[in-house]
Amino acid sequence: MRGSLARSVAHDRRPEPAGPDAARRYVNQWVEAEAIGEERVSAFVLILKTRGCYWADEKGCSMCGYSMDTLGRSATPEELAEQLRRALARYRDEPYVKIYTSGSFLDDREVDAESRAAIVRAFAGRARRLLFETLPEFATAERLGPLHGAFPGELEVALGLETTDPTVLARFVHKNAPPRDYLDAGDRVRALGLRAKAYLLLKPPYLTESEAIADVVRSIGEAAAHFDALSVNPVHIQNGTVVEWLYHRGRYRPPWLWSVVAALSEGAGRRGKARLVSFPTAGGLARGPHNCGACDARVLRAIEAASLAQRFEELSGLECACRAGWDAARSLEPMGVEA
Ligand code: SF4
Ligand SMILES: [Zn+2]
């Protein structure tokens with residue numbers, strides 16, 4: 001049942017092939033707060049429009065609706081160059097640049113090798129650190145070498161590990177490869193002299209709130225030696241996903257912000273030398289990680305401040321009446337009561 005649901009959701013969400021106008025415009029661009037080491041910096045975030053993740057066509061991950069933002073076909077080099085030109089018009093030499101596609105920057109079907117080098121080269125001498133995301137099978141010396149040569153600053157390769165539990169990753173998240181492949185890719189990337197970052201998912205479907213916190217905390221400990229940075233990403237409900245399907249039937253609640261606080265507080269001691277951060281998407285919204293509403297903004301600010309400063313002790317001082325509700329909800333969950 002789960003498999004067929006995942007396949008039909010994956011099929012439904014892929015758009016029809018787009019015309020040239022849509023292909024010349026990137027999906028989105030914004031600037032956000034980040035840190036390079038101790039220094040607070042601005043990060044320029046760009047989401048390119050490509051054919052999107054090949055895995056979304058085959059099965060797709062249970063929480064991922066990114067294929068809604070794709071072309072339904074490969075972008076030509078000229079179309080990618082035009083997206084880059086438009087993005088550069090908004091670039092103000094932010095020191096940190098993050099480039100996403102709705103899939104893998106290193107997959108030739110999404111971004112061809114020459115376009116990849118041209119995109120990276122466009123920020124050479126202007127950005128100090130440039131991040132892109134990829135599935136592990138594409139993080140090879142052959143694909144990374146030319147990019148390393150084209151960018152004199154730090155290249156950071158982000159991998160959506162999500163969890164180090166093989167069962168959770170395969171059966172609940174529906175990822176294409178086992179955790180071992182992601183850990184190995186992190187090692188490969190670092191051996192080439194690049195930075196490696198892993199995204200860890202907080203609260204995949206079918207886990208209780210308490211199981212989800214334990215899953216992330218254990219994953220932080222098991223992934224820390226393979227990555228320079230670990231980012232805890234609490235699930236938010238994206239359109240056209242298995243998670244949305246469950247949410248509409250009352251079978252999924254996005255994680256509490258208290259769970260993000262717990263994951264960071266408990267994970268901090270296991271992070272080794274890796275940076276541990278969380279910048280929740282859609283925080284405080286019904287479809288994103290949220291608490292009672294009254295404390296959400298305050299708790300989100302504290303999570304961001306702790307992430308930027310790498311100081312997690314202050315999170316333990318956060319309080320709100322809803323914290324008791326979070327505790328109570330977690331103790332009822334194993335009995336099948338919705339949190
Ligand atoms: S989460 Fe990543 S691997 Fe999974 S479908 Fe989305 S883009 Fe593809
Ligand atoms: Zn509250």
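Because only heavy atoms are used, hydrogens play no part in the values below, and waters and symmetry mates are left out as well, while side chains stay in. Being a predicted model, the structure only gives us computed values, none of them experimental. Note that ligands are numbered from 1 as they come in the structure, with each ligand's atoms numbered from 1 the same way.
- When heavy-atom distances to ligand 1 are checked against a 4.0 Å cut-off, H174 has no atom that comes that close, whether in backbone or side chain.
- In this structure, K175 is part of the shell of residues with a heavy atom less than 4.0 angstrom from ligand 1.
- Backbone or side-chain N, O or S atoms of C64 do not reach atom 4 (Fe) of ligand 1 at under 2.8 Å.
- Geometrically, K203 does not engage F172 in a cation-pi contact defined by less than 6.0 Å to the ring centre and at most 45° from the axis.
- Each of R128, R195, K98 was compared with E156 under the salt bridge (Lys or Arg N to Asp or Glu O under 4.0 Å) criterion, and only R195 meets it.
- Each of the atoms 1 (S), 3 (S), 4 (Fe), 5 (S) of ligand 1 lies under 4.0 Å from some heavy atom of C61.
- The cationic atom of R171 (NZ for Lys, CZ for Arg) does not lie both less than 6.0 Å from the six-membered ring centre of Y206 and within 45° of the ring axis.
- Aromatic pair Y91/F44: centroids less than 6.0 angstrom apart.
- Contacts with ligand 1 closer than 4.0 Å are made by side-chain heavy atoms of L135 only, the backbone lying farther away.
- A salt bridge is absent between D112 and R116: the closest approach of a Lys/Arg side-chain nitrogen to an acidic carboxylate oxygen does not fall below 4.0 angstrom.
- Note on C53: not counted as a metal contact of atom 6 (Fe) of ligand 1, no N/O/S atom lying under 2.8 Å.
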